[in-house]
Amino acid sequence: MTQTAAILGGGVIGGGWAARFLLMGWDVRVFDPDTEAERKINEVLGNARRSLPGLSDTAMPAEGALSFHADLAEAVGPADWIQESVPERLQVKHKVFAQVQAACREDAIIGSSTSGFKPSELQENAARPAQIVVTHPFNPVYLLPLIELVPSPANDADTVQKAKDILTSIGCFPLHVRKEIDAHIADRFLEAVWREALWLIKDGIATTEEIDEAIRMGFGLRWAQMGLFETYRIAGGEAGMKHFIEQFGPCLSWPWTKLMDVPELTDELVDQIASQSDAQSGMHSIRELERIRDTNLVAMMRALKAQDWGAGAVLNRAQAAKPALEDSALPIVTVQRAVPLDWTDYNGHMNEARYLQAFGDATDRFMEMVGCDADYIASGGSYFTAETHLRHLDEVHAGAVIRVETQVLLGQGKKMHLFHRMYEGGRLLATGEHMLIHVSLETRRASEPSATIAAKLGEIAAAHASLPTPEGAGAAVGKR
Ligand SMILES: NC(=O)C1=CN([C@@H]2O[C@H](COP(=O)(O)OP(=O)(O)OC[C@H]3O[C@@H](n4cnc5c(N)ncnc54)[C@H](O)[C@@H]3O)[C@@H](O)[C@H]2O)C=CC1
Ligand SMILES: C[N+](C)(C)CC(=O)CC(=O)[O-]
């Protein structure tokens, strides 16, 4: 059954939550008194549709239904999860929780996006304090997996576990903050860095652009994949963490940093920062900057996915939980996935090389189906592709769901002749015809496949013999 999320406050963060829930198949009901909220959420949703689905190598669930409500009670009534993302003012949040708890289901979870308040502060005077937890996200909520899940002693273990399960099911990484504290874990670091940066600008040491270069050209790249302590363990060399602390620990007491002092945010300082930021990034609109950020994040997360590391390992785990493709269809569906952002090129559509990648993935999947899997390959047999003919018939864009259907034209002896058709819905995008030869990985020469593979391939080839010969099979360049 489709689950329902209510989003209260549809600004920067509420819009991101709405997009994540929707794209993960939840129905989403939004309440925000801002008359511009619908436009803003739809724009954020457009960016999310372009970027999130391609992070998965299998198709995401069908999008849920999005509705906007003028009445908070109507929005929260049927919701399984209620996400509060109203402005960071305790009084406003308390007022919203009172209205929510008068109208919502008692078994619904109420998550707050608060960046700084402790759950016990949010729960003050609540009708059912145990229902409210902090679920602090990071912008853009539809791409970044981290959610700081902060309960107070008023929350029971079942609520915390249920919140963890739901967050995991929508592709998030819930980090359980075991002791509530102002600004949780991550915002403490962000604030420390931000304070230091404000001083560097005020003291005329660096501009906004120079500060950003100092981060993104160096330690920002390291932090994205190993964080702080694993990075510093390596920085200690073979002598490790103890040596690192002995060497650099004393510097922490030198008066370099001004961590707890905040420079007075005078009009002059604010203008200085804003005009430096305009000079640095004012040539792009916020939506353009979001798209640049998302394109970069997707490429980085997909790189980490290939390494099964950090945020990429979270993506792989989420994908492993999805059902495998159905093998009994005729022709066989061997790929079903969205086009990732980094598969598109300067022409604004999927690059020609990626058609072959999708067909290569289809072939790999078909090989697995006939028994040429990792164990078989480790035992010394495999298939090599000897010849390929691609036809690019129509364009396709980032975020679109493509499906590859595979037909066996010949499966006999050492030969496996496959014909792949790629579709978006009913639209034929491309075909790929491939001749593969079974090889011995020891001699690197053609060899007979195992009896099991020969039998399975023969069985599928016999079933596919009843299908009409595909249009374009056997075609050569210029003969269409
Ligand atoms: N902007 C950020 O980078 C992050 C913000 N947060 C947290 O998310 C929350 C929201 O922040 P933003 O989205 O940045 O603010 P925002 O100003 O972009 O959005 C707040 C939205 O709440 C709406 N609103 C005001 N009163 C309301 C009410 N009574 N009921 C429903 N909606 C109401 C406003 O119309 C506005 O659309 C805050 O608690 C903040 O600490 C968390 C992570 C990151
Ligand atoms: C600036 N901020 C405190 C609202 C930032 C966050 O809470 C998290 C983020 O996305 O950086």
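One-based numbering, in listed order, for ligands and for the atoms of each. If you're wondering where the values come from, they're calculated on a predicted model, not measured in any experiment. By convention here, the first residue in the shown sequence is residue 1.
Remark: ligand 1 and His136 share no N or O pair separated by less than 3.5 Å (distance only, no angle test). Ligand 1 has no nitrogen or oxygen under 3.5 angstrom from a nitrogen or oxygen of Gly14. In terms of polar-atom proximity, Asn139 is not counted as a contact of ligand 1, lacking any N or O under 3.5 Å from an N or O of the ligand.
Scanning the protein for heavy atoms near atom 24 (N) of ligand 1, the closest one is Pro87 CD, 3.8 Å. When only non-hydrogen protein atoms are considered, atom 9 (C) of ligand 1 lies nearest to Val86 O, 3.5 Å. From the protein, the heavy atom lying nearest to atom 30 (N) of ligand 1 is Phe31 CE2, 3.5 Å. Among all protein heavy atoms, the one lying closest to atom 36 (C) of ligand 1 is Asp32 OD2, 3.5 Å. Closest to atom 13 (O) of ligand 1, if we only count protein heavy atoms, is Ile13 N, 2.9 Å. The protein heavy atom nearest to atom 10 (C) of ligand 1 is Ser85 O, 3.3 Å. What sits closest to atom 2 (N) of ligand 2 on the protein, heavy atoms only, is Ser115 OG, 4.1 Å. At the shortest separation from atom 6 (C) of ligand 2 among protein heavy atoms lies Asp187 OD1, 3.3 Å.
Pairing each heavy atom of Arg128 with each of Cys104, the nearest pair is NH2-SG, 3.8 Å. Considering all non-hydrogen atoms of both residues, Gly348 and His397 come closest at O-CD2, 3.0 Å. Shortest non-hydrogen contact noted between Ala5 and Ala79 is C-CB, 4.4 Å.
Distance screen at 4.0 Å: atom 8 (C) of ligand 2 has a protein heavy-atom neighbour inside the cut-off. By the definition of a contact as any protein heavy atom under 4.0 Å away, atom 22 (O) of ligand 1 is in contact. Protein heavy atoms are found less than 4.0 angstrom from atom 19 (O) of ligand 1.
Donor-acceptor pairing under 3.5 Å is lacking for the side chains of Glu148 and His184. Looking at Asp278 and Ser275, their side chains never bring a donor and an acceptor atom within 3.5 Å of each other. Side-chain contact of Ser113 with Ser85: a donor-acceptor pair under 3.5 Å is present, judged by distance alone.
When the options Thr431, Thr334, Thr363 are evaluated for a side chain to side chain donor-acceptor pair (under 3.5 Å) with His420, the one that passes is Thr363. Asn47 pairs with exactly one of Arg293, Arg291, Arg287 by the side chain to side chain donor-acceptor pair (under 3.5 Å) rule, that one being Arg291.
Counting the atoms of ligand 1 from 1 in the order shown, those under 4.0 Å from a heavy atom of Val12 are 13 (O), 14 (O), 18 (O). Set against the non-hydrogen atoms of Val96, the atoms of ligand 1 under 4.0 Å away are 29 (N). Heavy-atom contacts of Pro137 reach the following atoms of ligand 1: 43 (C) (cutoff under 4.0 Å). Residue contact check: Lys93 has heavy atoms under 4.0 Å from atoms 38 (C), 39 (O) of ligand 1. Atoms of ligand 1 lying under 4.0 Å from any heavy atom of Gly11, numbered from 1 in the order shown and given with element: 13 (O), 18 (O), 19 (O), 21 (C), 37 (O). Using a 4.0 Å cut-off to heavy atoms of Asp34, the atoms of ligand 1 that qualify are 35 (O). Near Leu190, meaning under 4.0 Å from any of its heavy atoms, are these atoms of ligand 2: 11 (O).
At a heavy-atom distance under 4.0 Å, no atom of Glu88 approaches ligand 2. Under 4.0 Å from ligand 2, heavy atoms of Asn139 appear from its side chain as well as its backbone.
With rounding to the nearest 0.5 angstrom, the CH2 atom of Trp199 is 9.0 Å from the CG atom of Leu269. In this structure, Trp81 CH2 and Thr135 OG1 are separated by 5.0 Å, a value rounded to the nearest 0.5 Å.
Judged by the 6.0 Å and 45° rule, Arg337 forms a cation-pi pair with Trp343.
Checking Pro140, Ser113, Ser115 against atom 8 (O) of ligand 1, the nearest heavy atom belongs to Ser113.
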Where do Gln336 and Thr58 land on the side-chain hydrogen bond (donor to acceptor under 3.5 Å, both in side chains) test, with the steps shown first?
CA-CA 6 Å; Gln336 194 156 16; Thr58 56; over 6 Å; no
Apply salt bridge (Lys or Arg N to Asp or Glu O under 4.0 Å) to the pair Arg195 and Asp261, showing each step before the final yes or no.
CA-CA 8 Å; Arg195 270 189 216 107; Asp261 289 343; over 6 Å; no
Criterion salt bridge (Lys or Arg N to Asp or Glu O under 4.0 Å) on Lys242 and Glu246, from CA distance to verdict:
CA-CA 6 Å; Lys242 278 195 171 168; Glu246 276 159 19; over 6 Å; no
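Atom OH of Tyr232 has 12 or fewer neighbouring heavy atoms from other residues, nucleotides or ligands inside a 6.0 Å radius.
The shortest heavy-atom distance from His136 to ligand 2 is under 4.0 Å.
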